[in-house]
There are 2 protein chains.
Amino acid sequence: MGDHNGTVPTKKKPQVTASPARRSELLGTAAEVFAEQGYNATTVRKIADHAGMLAGSLYYHFDSKESMLEEILRTFLDELWDGYDTVLDAELGPRETLEALVIESFREIDRHRAAVAIYQKESKHLVSQERFAFLADSQRKFEKAWLSTLERGVAAEVFREDLDIRLTYRFVRDTVWVAASWYRPGGQHGPEEIARQYLSMVLDGIAVRT
Amino acid sequence: MGDHNGTVPTKKKPQVTASPARRSELLGTAAEVFAEQGYNATTVRKIADHAGMLAGSLYYHFDSKESMLEEILRTFLDELWDGYDTVLDAELGPRETLEALVIESFREIDRHRAAVAIYQKESKHLVSQERFAFLADSQRKFEKAWLSTLERGVAAEVFREDLDIRLTYRFVRDTVWVAASWYRPGGQHGPEEIARQYLSMVLDGIAVRT
DNA sequence: GGCCTTCCCTAACAAGTGTTTGGTAGGTTA
DNA sequence: TAACCTACCAAACACTTGTTAGGGAAGGCC
């Protein structure tokens, strides 16, 4: 507690000591409530209820509701880019890159379904806030990775060239991520199986070839 | 007005007199704020600001914030089903039905972009409330229409039969409606052009045919 | 034993929320 | 002019919100 440095107290002191295990456990329940009810509609008391404690007690582990949201999204995006960078660094062909990115995306949905749902619902309002600037960074990087993959594919004549490439990008991107709104881990289809079927539709279409 | 029946006053009197034109004008601005900020994050004072009046004045036209949301969604769904029913009653072939439904959907996005965005973000939490039971009705009807069209297509051998039909349904559905999150009316592509490209991707895929 | 750390509770706070009530300016009708 | 209607304002209401401060129980360590 001793704020014995003579400078500015740097805003606030967060929690003094807190076990990281309990933190991420609470973040998990918070993420599920956020995903289910929406961030703004979720009160800290609801989160506390789901965690079996009272509202004020949350502030032993976190210093604000918003910082919970930030940590949830940061953790998710960090792991996501771990997987994406691995794929991109492998320098596969465009079609193989696209397939690997889609598969990786469904794996992330499988692992972070709540965070993905939150990201989809809330990121649009959040990007403008300075605190969540990392969301915009991620989106730019994301778009660049996908667009270059698509362009490479068109150049290599493995993707159709008669399609608007930005429209195609949004199509593929949305197609993948909205799955988080209905996907439930432990269902009959694992993430790889769903990815396989999605890829089949995106690449070859749903119509019978004549 | 005159509550001269001797029974229970049936809760509340809404606004006594209000011009329908002003009502729908206010609903339009409310819808845009809801779409941009999210329903829960939108305060009635913000809506009033955008409309150039004070918060309390809204209650001359509407009797609650929630009733605004309900009217926005009801109006949208009514118009949507007008178009859908016209398509379905035409009894076209499965592929033509699918194309017509997609085109109609993008036209609705063009006309009711705000309402569609609201519907996508909020419908999930709302369906459980009794007041918004009509959302669940619409969803069931929607699913039935799409599934039967897909099944007809598989039977007629115009759609691939090696795909999970429910997965395909969600794929097509999401693919279409998420477009509302980025679509802006008056852009370089009109709704028909976007529908055409989407249909091309969904039906034939983005890969080059070999 | 006493001390310290961890984790939570109790109780309150100020700000913001949707909503209500009564009033009133300006136009329309008689 | 007087009565009336429409559409809004002004000011408050009861309640919920995120957040804070102080305290205390349980357990490990000296």
Side-chain angles (χ1 to χ4, degrees), chain A residues 1-3 9-31 33-34 37-72 122 125-126 129 131-132, chain B residues 1-3 9-31 33-34 37-72 122 125-126 129 131-132:
Chain A
M1 313 242 201
D3 227 323
T10 58
K11 300 236 165 166
K12 293 219 192 128
K13 50 171 185 212
Q15 59 293 342
V16 213
T17 46
S19 98
R22 186 69 174 130
R23 266 181 82 85
S24 55
E25 188 181 347
L26 290 173
L27 280 179
T29 71
V33 186
F34 284 156
Q37 325 229 4
Y39 174 73
N40 283 287
T42 301
T43 74
V44 294
R45 281 166 240 270
K46 278 188 201 162
I47 301 176
D49 275 357
H50 279 253
M53 50 196 248
L54 291 182
S57 308
L58 284 172
Y59 289 80
Y60 173 74
H61 299 275
F62 311 98
D63 43 54
S64 75
K65 180 189 174 189
E66 209 179 49
S67 76
M68 297 189 215
L69 178 62
E70 182 184 343
E71 192 163 339
I72 289 170
E122 317 289 348
H125 343 148
L126 296 177
Q129 293 177 239
R131 173 170 203 168
F132 293 94
Chain B
M1 319 206 206
D3 225 323
T10 58
K11 297 228 165 173
K12 293 215 192 128
K13 53 171 185 216
Q15 58 294 341
V16 211
T17 46
S19 97
R22 186 68 175 133
R23 266 181 81 85
S24 55
E25 187 181 347
L26 290 173
L27 280 179
T29 71
V33 186
F34 284 157
Q37 324 229 5
Y39 174 73
N40 284 286
T42 300
T43 74
V44 294
R45 283 166 239 269
K46 279 189 201 161
I47 303 175
D49 275 358
H50 280 253
M53 49 195 249
L54 291 183
S57 308
L58 285 171
Y59 289 80
Y60 173 74
H61 298 275
F62 310 99
D63 44 53
S64 76
K65 179 189 173 189
E66 208 178 50
S67 77
M68 296 189 217
L69 178 63
E70 181 185 343
E71 193 164 338
I72 289 169
E122 317 289 347
H125 344 149
L126 295 177
Q129 295 177 237
R131 174 170 203 169
F132 294 93

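Keep in mind that what you see is a predicted model, and the values were worked out from it rather than measured. Order of the sequence lines fixes the chain letters, A, B, ..., with proteins taken first and strands second; residue numbering starts at 1 for each chain.
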>> Show the nearest heavy-atom pair for residues Asn40(B) and Ala41(A), with the distance to one decimal.
In response: ND2-CB, 3.4 Å

> What integer distance in Å separates Asp49(B):CG from dC9(D):P?
Replying inline: 11 Å

> Between dT16(D) atom C1' and Asn40(A) atom CG, what is the distance in whole Å?
Replying inline: 14 Å

> Ignoring hydrogens and geometry, is there a side-chain-to-backbone donor-acceptor pair from Lys65(B) to Thr42(B) under 3.5 Å?
Replying inline: yes

> For Gln37(B) and dT17(C), what is the distance between atoms CD and P respectively, to the nearest whole Å?
Replying inline: 11 Å

>> Base, sugar-phosphate or nothing for Arg22(A)? Non-hydrogen atoms, less than 4.0 Å.
In response: sugar-phosphate

> CG of Leu58(B) versus P of dA11(D): gap in Å, rounded?
Replying inline: 18 Å

> With nearest nucleotides of DNA chain C determined for Arg45(A) and Leu54(A) from heavy-atom distances, which residue corresponds to the more 5′ nucleotide?
Replying inline: Leu54(A)

>> Quick check on DNA chain D: between Gly56(A) and Gly52(B), whose nearest nucleotide comes earlier from the 5' end?
In response: Gly52(B)

>> Please check: side-chain N/O of Arg23(A) versus main-chain N/O of His61(A), any donor-acceptor pairing under 3.5 Å?
In response: yes

>> Of the listed nucleotides (dC7(C), dT19(C), dG18(D)), which one gets closest to any side-chain atom of His61(A)?
In response: dC7(C)

> Ala30(A) and Met68(A): which non-hydrogen atoms are nearest, and at how many Å?
Replying inline: CB-SD, 4.4 Å

>> With a 4.0 Å limit, can you tell me whether Ser57(A) has a side-chain N or O closer than that to the phosphate oxygens OP1/OP2 of dC7(C)?
In response: no

> For Ser19(B) and dA7(D), is the shortest distance between a side-chain N/O and OP1 or OP2 below 4.0 Å?
Replying inline: yes

>> From C-beta outward on Tyr60(B), which listed nucleotide comes closest to its side chain: dT6(D), dC8(C), dG18(C)?
In response: dT6(D)

>> Measure CZ/Phe62(B) against P/dT19(C) and give the value in whole Å, please.
In response: 13 Å

>> Over all strands shown, is Thr42(B) touching base, sugar-phosphate only, or nothing at heavy-atom distances under 4.0 angstrom?
In response: sugar-phosphate

